[in-house]
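Note sheet for the following structure.
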Amino acid sequence: MVGTYTIKALDRSTWEAFAALVERNNGIFGGCWCIGFHPEGLSTAEVNRERKHDRVCSGTAHAALVFEGDECLGWCQFGAPDEVPRIKNRPAYEKTRTTLSDWRITCCYVGKGHRRQGVSTAAIAGAMELIADLGGGTVEGYPEDAADVSASFLFLGALSSFEKLGFVRDRKIGKHRWVVTKYVEPSSTTNPARAGQRRRG
């Protein structure tokens with residue numbers, strides 16, 4: 001639980017609830033299906049859905065889903081750098097990068113009717129819990145200042161949400177976009193086999 005919300009990992013058992021949220025919201029930006037940050041990038045909505053489903057089934061897509069009852073309200077996508085390499089402002093990021101994080105947070109999405117209700121913050125907190133279960137490590141996010149960007153376009157998360165959860169600003173890579181970082185300790189229930197999924201830089 002995070003606040004009044006329940007957090008679940010995106011996997012085969014939660015795919016249908018995730019898919020229902022995406023479909024209620026026009027495929028997310030017209031059919032993204034949260035595949036755009038993966039190596040294969042965007043295609044048609046149908047292909048994006050198929051690719052995302054394949055990744056979920058193979059364990060190569062990670063996200064913390066936020067539930068209220070049986071309904072999925074939003075998510076926070078995360079992954080190792082090679083799982084989600086296609087970040088925004090990548091040239092500026094690479095030009096100023098000195099180290100490679102263990103994990104990246106690349107997308108925070110909240111469905112219509114549930115925004116500005118703490119869902120995004122709960123999703124990020126949930127991602128931190130899942131990352132701890134996977135062995136922890138250094139986590140990067142790439143949020144924007146909510147004062148400068150409409151809530152419907154804050155798909156990388158709000159800077160204030162990350163800072164509330166202990167992330168610190170590292171550097172700016174866009175007009176409103178920051179790199180923020182946090183070290184997540186491994187949980188006491190970390191599975192060594194699952195921890196091997198992360199990538200050290």
Side-chain angles (χ1 to χ4, degrees), residues 1-11 13-38 42 45 48-49 51-53 55-56 61-79 83-84 86-89 103-132 139-167 169 174-180 182 184:
M1 294 284 293
V2 175
T4 60
Y5 300 119
T6 301
I7 304 298
K8 299 180 183 180
L10 174 60
D11 57 22
S13 70
T14 55
W15 168 260
E16 291 300 330
F18 168 80
L21 172 60
V22 175
E23 289 163 355
R24 285 197 305 272
N25 289 271
N26 192 34
I28 312 300
F29 304 112
C32 171
W33 280 88
C34 208
I35 196 72
F37 296 104
H38 290 299
L42 294 171
N48 292 340
R49 185 190 194 282
R51 287 175 174 173
K52 189 68 176 188
H53 183 256
R55 278 190 165 271
V56 170
H62 295 84
L65 307 184
V66 180
F67 281 81
E68 190 170 58
D70 294 329
E71 182 182 3
C72 181
L73 308 181
W75 69 75
C76 174
Q77 181 189 55
F78 66 92
E83 182 179 308
V84 282
R86 300 168 64 90
I87 60 174
K88 298 292 184 181
N89 300 93
W103 301 97
R104 290 175 169 170
I105 289 176
T106 52
C107 180
C108 298
Y109 185 81
V110 179
K112 294 175 184 177
H114 301 286
R115 293 165 187 161
R116 306 288 190 187
Q117 296 175 28
V119 176
S120 181
T121 302
I124 299 168
M128 297 301 96
E129 293 179 357
L130 296 179
I131 286 171
V139 185
E140 280 186 346
Y142 315 101
E144 297 176 288
D145 192 329
D148 300 315
V149 182
S150 167
S152 60
F153 290 98
L154 278 173
F155 57 91
L156 294 180
L159 180 61
S160 59
S161 296
F162 279 85
E163 291 184 323
K164 186 185 299 183
L165 294 170
F167 283 80
R169 302 185 195 195
K175 184 177 180 181
H176 306 298
R177 182 165 294 125
W178 287 84
V179 176
V180 296
K182 178 179 181 176
V184 175

Practice item. Could you give me the CA-CA distance, side-chain angles and deciding distance for Phe37 and Gln77, then say whether side chain to side chain contact (heavy atoms under 4.5 Å, CB included) is met? Key: CA-CA 9 Å; Phe37 296 104; Gln77 181 189 55; 3.6 Å; yes
Point to revise | Pair Ile28-Cys34, side chain to side chain contact (heavy atoms under 4.5 Å, CB included): steps then yes or no | key: CA-CA 7 Å; Ile28 312 300; Cys34 208; over 6 Å; no
**Study point:** Verdict with supporting geometry, Phe18 and Lys8, side chain to side chain contact (heavy atoms under 4.5 Å, CB included)
**Key:** CA-CA 10 Å; Phe18 168 80; Lys8 299 180 183 180; over 6 Å; no
Exercise for review: Carefully, step by step, assess Val66 and Trp75 under the rule side chain to side chain contact (heavy atoms under 4.5 Å, CB included).
Suggested key: CA-CA 6 Å; Val66 180; Trp75 69 75; over 6 Å; no
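Put simply, CZ on Arg55 and CG on Leu10 are 12.0 Å apart, with the number rounded to the nearest 0.5 Å. To the nearest 0.5 Å, atoms CD (Glu144) and CZ (Phe162) are separated by 11.0 Å. Atom SG of Cys72 sits about 11.0 Å away from atom OH of Tyr109, to the nearest 0.5 Å. Note that the CZ atom of Phe167 and the NZ atom of Lys182 stand 6.0 Å from one another [nearest 0.5 Å]. Distance check, rounded to the nearest 0.5 Å: CD of Glu71 to CG of Leu21 gives 8.0 Å. The distance from atom CG of Leu65 to atom OG of Ser13, rounded to the nearest 0.5 Å, is 9.0 Å.
The two residues Ser120 and Cys108 come nearest to each other via the heavy atoms OG-CB, 3.7 Å. The shortest heavy-atom contact between Pro143 and Val180 is CD-CG2, 3.6 Å. Across all their heavy atoms, Lys52 and Trp15 have their closest contact at CG-CZ3, 3.9 Å. Listed here is the closest heavy atom pair of Glu83 and His38: O-ND1, 2.9 Å. Here the closest heavy-atom approach between residue Ala123 and residue Cys76 is recorded as O-CB, 3.4 Å. Taking all atoms of both residues into account, the shortest heavy-atom contact from Ile7 to Ala64 is CG2-CB, 4.0 Å.
Ile87 pairs in a side chain to side chain contact (heavy atoms under 4.5 Å, CB included) with only one of the listed residues (Arg104, Arg177, Glu140), which is Arg104.
A donor-acceptor contact shorter than 3.5 Å links the side chain of Arg115 to the backbone of Val110. Put simply, the side chain of Arg24 never gets that close to the backbone of Gly111: no donor and acceptor are under 3.5 Å apart. Under the 3.5 Å distance criterion, the side-chain polar atoms of Lys164 are left unmatched by any main-chain donor or acceptor of Thr121. The closest donor-acceptor contact from the side chain of Asn25 to the backbone of Lys112 lies under 3.5 Å. Within the 3.5 Å criterion, the main-chain N or O of Ile35 finds no donor-acceptor partner in the side chain of Asn48.
Ring geometry for Phe78 against His62 counts as tilted: the plane angle lies between 30° and 60°, on a 0 to 90° scale.
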